[in-house]
Protein chains: 2
Amino acid sequence: MVTIRDVAKKSGVSVATVSRVLNANGYVHEDTRKKVMAAVDELKYSPNEVARSLYKKKSKLVGLLLPDITNPFFPQLARGVEDEMQKGGYRILFGNSDENAEKELDYLNTFTQNNVVGIISATNNKAKNNYKNLSIPVVFLDRTSSDYPSVYADGKEGGRIAAEEIVKRGSKRITILKGPAHIQPAQDRFQGALEVLSQSNIDFHVMSTTSFAFEDAEKWAKELFATYPDTDGVLASNDIVATAVLHEALRLGKSIPDELQIIGFDDIPQSSLLFPSLSTIRQPAYEMGKEAAQLLVKIINQEKIQQQQVQLPVTFIDRNTTRKVDTNG
Amino acid sequence: MVTIRDVAKKSGVSVATVSRVLNANGYVHEDTRKKVMAAVDELKYSPNEVARSLYKKKSKLVGLLLPDITNPFFPQLARGVEDEMQKGGYRILFGNSDENAEKELDYLNTFTQNNVVGIISATNNKAKNNYKNLSIPVVFLDRTSSDYPSVYADGKEGGRIAAEEIVKRGSKRITILKGPAHIQPAQDRFQGALEVLSQSNIDFHVMSTTSFAFEDAEKWAKELFATYPDTDGVLASNDIVATAVLHEALRLGKSIPDELQIIGFDDIPQSSLLFPSLSTIRQPAYEMGKEAAQLLVKIINQEKIQQQQVQLPVTFIDRNTTRKVDTNG
DNA sequence: CTTAAATGTGTAAACGGTTACATATTAATT
DNA sequence: AATTAATATGTAACCGTTTACACATTTAAG
């Protein structure tokens with residue numbers, strides 16, 4: 001390994017001078033700067049971030065904690081975070097928590113032990129006080145929080161829109177699939193939908209589900225049609241569940257969207273490739289990731305923050321699992 | 001921040017002793033061990049990995065470089081890597097390369113600057129010599145390599161199987177969608193399929209595509225049916241493209257699998273949730289990630305390796321975009 | 001009982017950077 | 001010409017660990 005001392009020797013100056021040219025810090029004569037840069041090039045020197053981090057007590061690393069990268073909603077988030085962090089020269093220490101408090105704590109420890117300069121967490125764990133005594137900034141992603149910086153989409157509004165749209169398009173016996181109880185965003189969606197349907201005079205059922213996993217999704221779908229065979233509108237807790245519902249409905253020979261309308265949530269990339277393509281409430285996942293990253297670097301740089309909580313808007317994506325609404329009405 | 005010195009002071013011993021109890025190194029009296037552990041607990045001391053890494057010249061970090069986490073094949077890989085690494089106490093420094101040599105090099109630098117102890121790379125870049133003068137072990141994932149440790153699925157065999165199965169099921173005018181030229185695994189699949197079809201007396205076309213992106217997939221699909229409207233069997237370069245083909249075929253009112261059979265490649269999670277569900281060649285992505293991680297930690301630990309190249313088998317997943325084969329034949 | 005080996009602990013030097021401080025030279029100011 | 005400010009560079013301490021080495025004490029062996 002070539003160190004700053006090797007560069008210093010080769011260019012005939014002290015390590016301090018080398019450090020100064022590398023960091024463009026303090027005074028250094030143009031001639032010596034050139035000598036040093038030449039030595040750097042020749043030796044292919046590249047500073048050891050670990051040593052730098054040790055002295056400075058801060059690295060160029062940020063921790064990113066997601067529930068599960070395997071859930072198709074999260075890669076977009078992650079990508080948004082990464083692309084933005086990349087710009088600021090930050091790199092990502094990555095972990096999946098599985099919404100498991102122990103794993104989460106474990107990762108939080110790793111992050112601090114590695115001098116990360118900030119953390120972005122998209123977990124929905126109750127164990128908030130894992131974060132209480134962290135000395136580094138945290139921003140929560142896809143999760144509302146009044147006491148921490150956070151960026152999230154307007155889930156409640158999303159739920160409302162979904163309910164309004166499905167009603168407007170004529171569903172009369174709606175089933176709301178309520179997502180896992182401990183996932184706040186899922187509850188927000190549910191509340192929004194509930195609010196609208198409660199105030200309407202449309203029949204509806206609520207069916208609880210306990211996970212967002214692929215493997216479970218088909219089970220809920222079967223259960224749904226077994227329990228409520230005459231439902232003509234499903235508000236799914238997310239696009240995965242919606243996809244499973246769509247799949248099962250087609251298997252049962254239901255005509256979509258004529259007999260049954262389905263609205264998902266998230267707008268994961270593959271939703272547009274289904275047939276019929278899935279109508280859904282879009283969360284701007286990539287932008288959310290970016291936004292979170294921007295917020296975090298602002299906090300790291302001690303910039304003034306206008307808004308600790310960033311709420312991003314949600315939009316209805318009108319595809320083919322919903323009927324066309326009468327536009328002249 | 002509480003350091004080893006604070007613990008030493010509190011427990012009335014030297015830092016060397018504290019270090020010894022923490023690392024279970026050298027001799028230390030049981031009584032002092034207890035004293036030290038008590039101080040550790042009381043102060044909630046947790047060692048600074050950065051300092052440790054600096055002295056030892058190796059961290060507990062491994063670099064993971066993927067083309068794009070947003071491509072649904074990769075989260076599974078990543079998860080396999082992470083789960084396995086987690087077991088060994090390693091954490092993941094993560095990056096997306098976008099198959100861009102500059103980004104790739106940039107990440108490789110970051111990795112080494114941060115003293116990672118190994119790298120797993122799933123890129124398909126020509127710029128192999130980015131890896132030449134790395135002093136840390138690298139294993140390539142989803143990519144064949146004779147001169148580096150690598151784990152990959154048997155793409156060529158996968159291509160053969162796909163071709164055989166679609167022929168066996170009666171397609172007579174087959175289109176092979178050839179994936180991007182610079183993606184070796186895509187070429188392997190293509191070669192396998194080509195091999196089988198060349199030796200048969202079935203008509204077939206080859207159509208080249210240049211990316212695996214969602215946005216492009218629909219374009220290829222439309223182009224496919226515009227160019228070869230009478231094709232009755234498609235061998236897609238991966239499940240995304242297959243999904244787009246399926247979508248477009250259904251849109252055109254083709255009956256699947258009766259008029260048109262489709263076989264994908266990868267078996268990404270959502271393939272089973274399509275309707276009709278997608279027949280495909282399964283790559284064991286999660287296992288590949290795990291295998292790569294296992295191989296890397298073996299190399300890190302200087303264990304004897306029997307096989308530098310591990311090739312995982314590929315299987316035909318017979319779902320509903322292919323016809324049922326006559327079993328009594 | 002003497003000696004050697006095993007056990008237990010501390011001091012200080014690394015690891016590879018950054019920077020406070022000291023010092024020297026040159027340029028600007030009066 | 002004398003003084004001050006700006007420029008340029010080096011020395012050494014520091015960041016928080018680990019470990020080589022030294023030394024002391026206990027235990028085992030002869």
Side-chain angles (χ1 to χ4, degrees), chain A residues 1-37 39-40 43-61 89 109-117 135-136, chain B residues 1-37 39-40 43-61 89 109-117 135-136:
Chain A
M1 170 181 257
V2 28
T3 76
I4 197 171
R5 260 159 260 270
D6 300 321
V7 177
K9 190 167 294 173
K10 172 138 233 148
S11 46
V13 299
S14 73
V15 294
T17 300
V18 177
S19 179
R20 281 190 279 259
V21 345
L22 288 164
N23 298 290
N25 251 352
Y27 296 113
V28 36
H29 194 95
E30 180 58 19
D31 293 353
T32 61
R33 206 189 64 79
K34 277 180 185 152
K35 266 192 307 184
V36 169
M37 287 316 286
V40 164
L43 298 173
K44 293 192 205 310
Y45 169 73
S46 153
N48 182 324
E49 276 299 327
V50 176
R52 211 204 288 265
S53 167
L54 178 59
Y55 182 86
K56 296 250 214 168
K57 291 168 185 286
K58 53 168 66 174
S59 65
K60 288 300 256 177
L61 265 23
N109 276 337
T110 310
F111 291 164
T112 53
Q113 287 172 349
N114 284 286
N115 279 2
V116 302
V117 75
S135 51
I136 42 175
Chain B
M1 169 181 259
V2 27
T3 76
I4 199 170
R5 258 161 264 270
D6 300 320
V7 177
K9 190 168 293 172
K10 173 139 232 148
S11 45
V13 298
S14 73
V15 293
T17 301
V18 176
S19 178
R20 280 184 205 112
V21 345
L22 288 165
N23 297 290
N25 250 352
Y27 296 112
V28 38
H29 194 93
E30 180 58 21
D31 293 354
T32 60
R33 204 190 65 80
K34 277 179 184 153
K35 267 193 307 189
V36 169
M37 288 315 287
V40 165
L43 298 173
K44 293 193 207 307
Y45 168 74
S46 153
N48 182 323
E49 276 298 329
V50 176
R52 211 204 286 265
S53 167
L54 177 59
Y55 183 86
K56 296 249 216 169
K57 293 169 183 283
K58 52 167 65 174
S59 66
K60 289 298 257 177
L61 266 25
N109 276 338
T110 312
F111 290 164
T112 53
Q113 288 172 349
N114 284 95
N115 279 1
V116 302
V117 75
S135 52
I136 42 175

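Letters go in sequence order (proteins before strands), and every chain restarts at 1. All values below were derived from every heavy atom in this structure, side-chain atoms included, with hydrogens, water molecules and symmetry-related copies excluded.
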Q.
Applying side chain to side chain contact (heavy atoms under 4.5 Å, CB included) to A:K35 and A:T32, what does each step give before you reach the verdict?
A. CA-CA 5 Å; A:K35 266 192 307 184; A:T32 61; 4.1 Å; yes
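- The nucleotide range of DNA chain C contacted by chain A, defined by atoms under 4.0 angstrom from heavy atoms of the protein and reported 5' to 3', is C:dG16 to C:dT19.
- In this structure, CG in B:L43 is found 12.0 Å from CD1 in B:I4, a value given to the nearest 0.5 Å.
- Distance from the side chain of A:Y55 is smallest to D:dC14 among D:dC14, D:dT9, D:dG16.
- Atoms CG and CG, from B:N114 and B:N109 in turn, are 10.5 Å apart once rounded to the nearest 0.5 Å.
- Note on B:N23: a side-chain N or O is less than 4.0 Å away from OP1 or OP2 of D:dT18.
- Taking the side chain as every heavy atom from C-beta outward, A:M37 and A:R33 approach each other to under 4.5 Å.
- Residue-level contact check: B:T32 touches the backbone only, with heavy atoms under 4.0 Å from sugar-phosphate atoms and none from bases.
- With a 4.5 Å cut-off on side-chain heavy atoms, A:L22 and A:V40 count as touching.
- Taking atom NE2 of A:H29 as the reference point, atom P of D:dT7 lies 13 Å away to the nearest angstrom.
- One can place CD1 of B:I4 at 11 Å from P of D:dG16, the figure rounded to the nearest angstrom.
- Remark: B:T3 OG1 to B:K9 NZ distance equals 8.5 Å, nearest 0.5 Å.
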Polar atom pairs between nucleotides 23-28 of chain D and protein, under 3.5 Å, N or O only, would you list them?
none

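- If you take CZ of A:R33 and P of D:dT7, they are 16 Å apart, rounded to a whole angstrom.
- In terms of the side chain to side chain donor-acceptor pair (under 3.5 Å) criterion, A:N48 has no residue partners (sequence neighbours excluded).
- Inter-axis angle, ends of the helix from C:dC1-D:dG30 to C:dT30-D:dA1, five pairs per end, rounded to 10 degrees: 40°.
- A heavy atom closer than 4.0 Å to some atom of DNA chain C occurs in A:R5, A:A16, A:S19, these being the qualifying members of residues 5-21 of chain A.
- Annotation: side chain to side chain donor-acceptor pair (under 3.5 Å) contacts of B:N23 (sequence neighbours excluded): B:S19, B:R52.
- Checking B:E30 against A:N48, the closest nucleotide of DNA chain C that is more toward the 5' end is the one next to B:E30.
- Between atom CG of residue A:N115 and atom CD1 of residue A:I136 there is a gap of 8.5 Å, rounded to the nearest 0.5 Å.
- B:K58 has its NZ atom 14 Å from the P atom of D:dT18, to the nearest Å.
- Considering OG of B:S59 and CD of A:E49, their distance stands at 13.0 Å, rounded to 0.5 Å.
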